[in-house]
Every structure is written in C-alpha cells, then in structure tokens.
Undergrad: 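Below: one structure in structure tokens.
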Amino acid sequence: MKTIKEINQKIKKGEAVIVRADEMPEIYEDNPKKAASEVDIVTTGTFGAMCSSGAFLNFGHADPPIKITKLWLNDVEAYSGIAAVDAYIGATQLRKYRDSDYGGAHVIEDLVCGKEIEVRAEAYGTDCYPKKKVETTVTLEDLNQAIMYNPRNIHQRYNAATNSSDTLMRTYMGTLLPNKRNICFAGVGELNPLANDPGYDVIGVGTRIFLGGAKGFIVGEGTQHSPDSGAGNLSTRGDLKDMDPKYVRGCNIPGYGTSLYLGIGVPIPILNEEIARKTAVKNEDVKTEIIDYGISRLVRPVIGEVNYEQLFSGRVDVEGKKIRTSPLSSLKITYQLLKELKELIEEREFYLTGKVESIPRKGQAKSMKLKKGTKTVNQVMSREVITAKADATIKEISALLINNHIDQIPIVDEVNKLQGIITSRDITTALARNITKMADVMTREVITSDLNEALDIVSRRMDKHKVDATPVVDKNNKVVGIVTIADIMRKEGSE
Amino acid sequence: MSKYLIEYSSDVVESPILSKVVVETGVLINVLRADIEYDKASIVVDIPHDEDRVIERFKESGVRVRKLEENIKKDIENCIDCGACISLCPTGAIYFTEDWSIEVDKGECIRCGACVLACPMKAMTIQEH
Ligand code: SF4
Ligand code: SF4
C-alpha cells in the first residue's frame with residue numbers, strides 16, 4: 001500500500017518509478033506483488049479526434065463597453081450568451097453551415113499557435129453597454145483567459161465501424177468503403193486511461209492530467225456518461241495558454257466536419273495490488289464491437305466483437321473474410337506524449353493529485369425525447385405511380401411526363417419490377433444525341449427507398465445522390481410508390 | 001515489377017493498343033486503373049516482366065509511357081500518423097513502420113486518390129507528372 005503523498009515525495013527525490021501502460025503487463029505477470037510495490041506511476045493517454053471539445057475565452061471590456069450577443073472568430077460562430085465579453089468556441093462549429101473545412105477546432109489550434117484571429121461581434125446596445133459592433137483581431141496573449149473546457153473527452157470504450165451498404169460513407173468514424181471492405185476504429189486500446197482504471201478507483205474529480213501538452217484536470221464525468229453499459233467518459237479542463245500545438249490539432253473529417261485532435265495523458269498512481277492488476281490490461285483484453293454504419297438508425301447492428309490486438313494487426317476476420325483496418329487515433333503521438341509526461345514527472349514539474357470526489361459508477365444516458373414519432377416513407381409517398389416499359393418511345397414518355405406534371409418515370413417489367421428510371425433530363429439528352437430507344441438513356445442504378453424507412457434517411461440519400469425523387473420498392477424490387485423531395489417538404493411544412 | 005502510366009491522345013484513343021501489345025509481346029499486362037474520356041484516356045498498368053520490350057511496343061503504337069515513381073506525397077508537417085488512410089488504399093501502398101509512423105510505398109501507388117479524400121489533415125497529395 002502506498003499513498004499519493006508518498007509517491008509525490010518520491011517524485012521530489014527523483015526516485016519515482018514510472019512505466020508506460022503497455023510495459024505494465026509483463027512487469028505485473030512477472031511478480032504482481034513486486035509490481036505493485038516497485039512501480040509508482042503507470043502513464044496512460046490518447047491522441048485522437050475529440051469532437052466534444054472547446055474553450056471559454058474572455059476578451060476584456062471594450063471602451064465604450066459592449067455586451068456581445070453574436071460573435072465570430074475567423075468567421076466561425078462562438079457562443080456568447082454568457083455575460084458581456086465571454087464566449088465558448090466549440091470544436092465542431094463550422095465556418096459556414098456546410099462545405100467548410102475550417103471550424104472551431106482550427107480556431108483553437110490557431111490560438112495555441114499564437115496566430116492572429118479575426119473577431120467580429122454584434123450587440124443590441126444598452127445604457128450600460130452602448131457599443132453595438134466590434135471588428136478587431138486578437139492573439140492568445142491578448143485574451144484574459146482562454147480555458148479549454150471539454151464536456152466529453154476520454155471514453156471508457158470506443159467503437160469500430162464498417163459499412164454493409166453498397167455506397168461509400170463518410171462518417172465521423174472516417175471513410176467507410178461499401179460492402180464491409182474496411183473497418184475504422186477509434187481508441188488506443190491498452191494505453192487508454194479508462195481501460196486502465198475502469199472502476200474509477202483513482203481517476204476522479206481533481207485528478208491532474210496532461211492536457212494538450214499542459215497541466216489540466218479531470219473536472220468530473222462527461223456528458224452522456226453511461227457506466228451501466230461500460231461507456232463512461234470524462235470531462236476535462238486546461239489552460240490554452242500553456243498548451244503545445246503538437247497536441248492540439250484541428251482536423252476536418254471528410255464529409256463529416258471539423259474536430260479537434262487532442263493529446264491527453266493520465267498518470268495512474270499504483271497505490272495497491274488491485275490497481276496494479278488493472279493497469280496490466282493488454283490490447284487483447286480491451287474489446288469493442290464492430291458496428292454496421294450502413295444502417296442509419298440510432299441502434300445500429302453489431303457485426304462482431306474484436307479486441308485491439310486484432311484491430312492494430314491491420315486485418316480482422318469477419319464472417320470468414322479478412323477486412324483491413326484503419327485506426328483513427330495516433331499511437332505514434334500518444335507514445336510521444338507519454339514520453340513527455342514521464343519526463344515532466346522526472347523533472348519534478350508534474351505532481352499527482354488524489355481525487356476529491358468519485359466519478360459516478362452507475363447511470364445510463366437516455367436517447368432524445370421526440371414529441372412526434374419518426375415519419376416514414378409510407379406516410380408521404382404517392383401510391384399511384386406512373387410507370388412505363390423499357391420499349392416505350394421518347395414520344396410516349398414525353399407525353400406521360402407532360403400530361404402528369406412529373407419529372408421522372410420508373411421503368412418496370414411485366415410484373416412491375418423496377419428496371420430503371422427516366423427523367424426529363426434524360427429525354428433532353430436523348431433528343432440531343434438522336435437516341436430513340438429509351439433503354440439507351442435510362443438510369444439503371446436507381447436510388448430507391450423502402451416503405452418503412454425514416455424520411456430523414458431518404459432525404460439524406462436523395463441529397464447525397466443528387467436526385468429529386470426515389471421509387472419505393474418492396475422486398476421483391478416491385479414498385480409500390482414514389483416519393484419526391486416536394487412530398488417530404490410538404491410533410492415537414494405541415495407540422 | 002513496375003507501374004507505368006500510359007496516356008492515349010485523341011488520335012489513338014480508339015485503337016486497341018493494349019490488346020495488340022499483349023498479343024505481340026505475350027506479356028500479361030495487368031490494368032490497375034483506367035480513366036477514359038471521349039477524346040483521351042490514360043491507364044495505369046503493371047508490367048510483370050520484359051519491361052523494356054513492352055514499353056518499346058507501346059511507344060511505337062503512339063502512346064506516351066511514363067514510369068510511376070513519385071506518385072503520392074505525404075506532408076510530414078501535417079500528417080499525424082493516425083492511419084485513417086491505410087485501409088482505403090486499394091494496393092496496400094500505405095503501411096505502419098515499427099514506431100507507428102505512416103509510410104507510403106510510392107511505387108505501389110496507382111494514383112486513385114482514395115487516401116487524399118479521406119485524410120483529416122489534408123496531408124496527402126497526388127504528384128503531377
Ligand atoms: S490519414 Fe492523413 S494524417 Fe492520417 S496517417 Fe494518413 S496521411 Fe497521415
Ligand atoms: S492515391 Fe493513396 S490510396 Fe490511392 S493508391 Fe496511391 S497511396 Fe493508395
């Protein structure tokens with residue numbers, strides 16, 4: 001048995017024994033008692049994309065004073081509904097609503113790098129705060145405080161993702177090839193802080209950590225903390241002014257948006273044999289589920305279980321096939337920061353703290369309460385679909401389009417099975433190129449939807465494939481309806 | 001085994017040059033990638049042996065042949081060695097080294113661009129020839 005005070009005394013004398021989380025299993029297996037008494041600190045950590053990150057900034061008062069109501073930093077909106085000149089910049093806020101690869105995470109990185117940030121602020125003006133507009137530039141040094149405060153950072157468990165659908169998906173879990181051709185996974189396995197202290201024995205409120213290359217703290221459990229299902233997480237705080245740009249990197253996950261790659265190190269004091277045993281966790285003991293992101297619902301199907309030994313090997317066996325894997329967190333930078341943390345402790349720059357309060361070991365996050373049920377395709381689609389056969393002439397199809405005021409016609413066979421689709425644009429193409437057979441201009445790979453699919457998913461699919469309508473098919477690929485963007489908008493507008 | 005980029009100009013785009021070269025040389029050329037437009041085309045091929053002879057025949061047929069060496073560049077400043085690109089590369093050209101750094105085998109790259117589109121740090125760029 002040791003106390004944190006004793007460990008800190010050893011640090012002071014330069015005698016503390018510090019080992020990395022991946023070195024601990026061997027030391028422990030060799031002699032558990034000796035491992036517990038001789039090792040003082042096990043370093044754990046991670047460097048990964050942490051979307052739920054951001055920073056509170058204080059700009060100081062202007063003369064005359066302003067109570068900011070709207071604020072943009074390098075054109076990225078920051079929340080300013082907290083007093084007069086405070087704001088919170090969040091990592092995933094984009095410069096424009098979509099199609100931007102610069103966001104809050106980059107503003108944070110630019111601040112840490114010492115770069116100048118453009119500030120644009122608006123206010124309505126009051127007797128005490130008359131100023132209505134500010135346009136200026138600031139650097140990190142100009143700010144009174146710049147405090148990183150992350151609602152949800154270190155997770156107990158991370159996911160692995162694959163995609164069973166037949167189109168490529170760009171997700172927060174990276175780019176997922178169609179037909180389960182790759183697996184992307186987050187997390188660093190045996191190095192992950194909460195894999196080494198799953199019961200929150202030593203990690204708690206007030207634990208000093210290495211955040212973004214500076215000293216920081218665990219401030220409590222994170223939002224959505226769900227220890228009941230093994231999905232707990234932690235909230236962190238640190239001073240941006242002391243951070244190192246190496247460990248604070250804005251990124252843009254293609255098709256998803258911006259996020260912040262952040263380095264976090266958590267030193268675990270080895271107070272007893274039980275704690276030593278837990279830090280002896282190996283990659284093969286850290287398990288996760290492979291989840292099928294091809295199904296766009298809240299509860300996505302689980303395809304199988306894997307451990308980090310398998311994930312880091314580069315290939316995982318799923319349903320008899322070897323699938324290639326991609327990590328999303330960086331092991332290289334994680335090792336780098338663990339080395340730096342160890343050096344800081346050795347140089348007596350970093351002492352450990354005990355927790356002042358425990359992280360809740362029970363609880364489960366709920367899903368969002370929706371007032372209305374999810375709308376599905378069969379509630380909006382037209383059941384009377386105008387269709388045609390593949391041998392129809394241009395003239396016949398054109399007449400159908402015009403007389404029915406529609407822009408597309410599904411092409412079906414004798415038993416109503418979908419064969420293709422023709423749009424008014426295809427007709428124009430046919431005329432321009434002197435094509436007379438409709439079969440030569442129709443699109444054969446039709447974007448379809450199912451009767452019971454949620455409208456949000458169908459409208460996302462139409463958006464992605466740039467189509468204005470999709471035939472609704474049953475399980476035999478027979479056309480049972482058609483749903484257009486106008487149908488969906490009408491439904492949404494009526495609520 | 002080396003990879004080559006073969007470019008067809010509009011004059012030759014409609015002739016079956018690849019088939020002719022295969023028949024005449026007897027070398028089984030593997031097509032790794034093809035970009036075909038109505039007035040020009042380019043393919044990336046693997047020539048398993050007798051490279052000189054095959055290239056000579058290609059050149060005589062009026063196409064441009066270039067050895068692919070520096071296909072892709074990884075910016076070491078931007079790359080964070082996450083590995084998000086690894087599983088996307090169709091030829092397995094991207095790999096981890098001993099210390100978990102990312103390396104690209106430039107000769108294995110067929111310029112498909114998958115890693116460029118997937119990288120969260122914009123660290124990969126296809127090199128112009
Ligand atoms: S995805 Fe980009 S940042 Fe990550 S290893 Fe590949 S090149 Fe580097
Ligand atoms: S462009 Fe990237 S993904 Fe494509 S072959 Fe080259 S290295 Fe591989």
Side-chain angles (χ1 to χ4, degrees), chain A residues 47-49 101-102 105-106 109 160-162 168-177 180-186 188 191 245-263 311-316 322-336, chain B residues 10 13-14 30-39 44 71-126:
Chain A
F47 180 81
D101 48 18
Y102 186 94
H106 298 90
E109 173 183 333
T162 191
L168 181 134
M169 292 180 81
R170 298 197 183 274
T171 71
Y172 65 88
M173 290 295 292
T175 300
L176 301 174
L177 296 171
K180 301 187 214 160
R181 288 218 316 273
N182 71 336
I183 291 174
C184 292
F185 68 98
V188 288
L191 298 176
K246 270 206 302 284
Y247 303 127
V248 186
R249 309 279 299 264
C251 74
N252 177 49
I253 301 170
Y256 164 73
T258 63
S259 186
L260 186 69
Y261 266 94
L262 183 63
L311 286 169
F312 278 123
S313 76
R315 270 163 214 274
V316 167
K322 289 237 177 278
I323 306 185
R324 290 205 289 161
T325 59
S326 267
L328 302 172
S329 307
S330 169
L331 272 187
K332 188 182 175 194
I333 300 185
T334 306
Y335 284 130
Q336 207 173 314
Chain B
S10 57
V13 76
E14 286 183 5
N30 193 15
V31 179
L32 301 169
R33 200 175 122 83
D35 289 305
I36 299 164
E37 285 166 46
Y38 74 97
D39 63 343
V44 175
N71 288 315
I72 185 96
K73 189 161 167 269
K74 189 193 74 165
D75 181 332
I76 43 170
E77 288 290 305
N78 285 340
C79 174
I80 52 170
D81 299 283
C82 61
C85 50
I86 283 193
S87 69
L88 297 172
C89 178
T91 65
I94 312 173
Y95 59 96
F96 276 122
T97 61
E98 276 289 291
D99 73 342
W100 296 98
S101 299
I102 283 284
E103 280 290 344
V104 198
D105 186 339
K106 294 186 177 120
E108 283 297 308
C109 171
I110 56 165
R111 309 166 67 79
C112 75
C115 60
V116 178
L117 285 174
C119 175
M121 306 303 294
K122 291 202 187 75
M124 294 283 202
T125 34
I126 301 235

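Proteins come first, then strands; the chains are lettered A, B, ... in the order of their sequence lines, and each starts at number 1.
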Undergrad: Main chain of A:Cys251, side chain of A:Thr258: is a donor-acceptor contact present, judged purely on distance under 3.5 Å?
TA: no
Undergrad: Sort B:Tyr95 into side chain, backbone, both or neither according to what part of it lies under 4.5 angstrom from a heavy atom of chain A.
TA: neither
Undergrad: Checking heavy atoms, do the side chain of A:Tyr335, its backbone, both or neither come under 4.5 Å from chain B?
TA: side chain
Undergrad: With a 4.5 Å cut-off on side-chain heavy atoms, are B:Cys115 and B:Leu88 touching?
TA: no
Undergrad: Between A:Pro254, A:Ser326, A:Gly48, A:Ser329, which residue shows the highest count of heavy-atom pairs closer than 4.5 Å to chain B?
TA: A:Ser326
Undergrad: State, with a plain yes or no, whether a side-chain heavy atom of B:Val44 is found less than 4.5 Å away from one of B:Val31.
TA: no
Undergrad: Is it the backbone or the side chain of A:Leu176 that comes under 4.5 Å from a heavy atom of chain B, or both, or neither?
TA: neither
Undergrad: Could you look at A:Leu328 and say if it's the side chain, the backbone, both or neither that has a heavy atom under 4.5 Å from chain B?
TA: both
Undergrad: Does B:Ile102 offer a backbone N or O that forms a donor-acceptor pair with the side chain of B:Lys74 under 3.5 Å?
TA: yes
Undergrad: If you apply the rule side chain to side chain contact (heavy atoms under 4.5 Å, CB included), what do you find for A:Tyr261 with A:Glu109, and how did you get there?
TA: CA-CA 10 Å; A:Tyr261 266 94; A:Glu109 173 183 333; over 6 Å; no
Undergrad: Taking side chain as everything from C-beta outward and backbone as N, CA, C, O, which of these in B:Glu77 sits under 4.5 Å from a heavy atom of chain A? Side chain, backbone, both or neither.
TA: backbone
Undergrad: With a 4.5 angstrom heavy-atom cut-off, which part of A:Arg315 approaches chain B: side chain, backbone, both or neither?
TA: neither
Undergrad: Quick one: does A:Phe185's side chain get under 4.5 Å of A:Pro327's, heavy atoms only?
TA: yes
Undergrad: Name the option with the most non-hydrogen atom pairs under 4.5 Å to chain B; the candidates are A:Thr334, A:Leu168, A:Thr325.
TA: A:Thr325
Undergrad: Do the side-chain N and O atoms of B:Thr125 and B:Lys73 include a donor-acceptor pair separated by under 3.5 angstrom?
TA: no
Undergrad: Which bit of A:Phe312 comes within less than 4.5 Å of chain B, counting heavy atoms only: side chain, backbone, both or neither?
TA: both
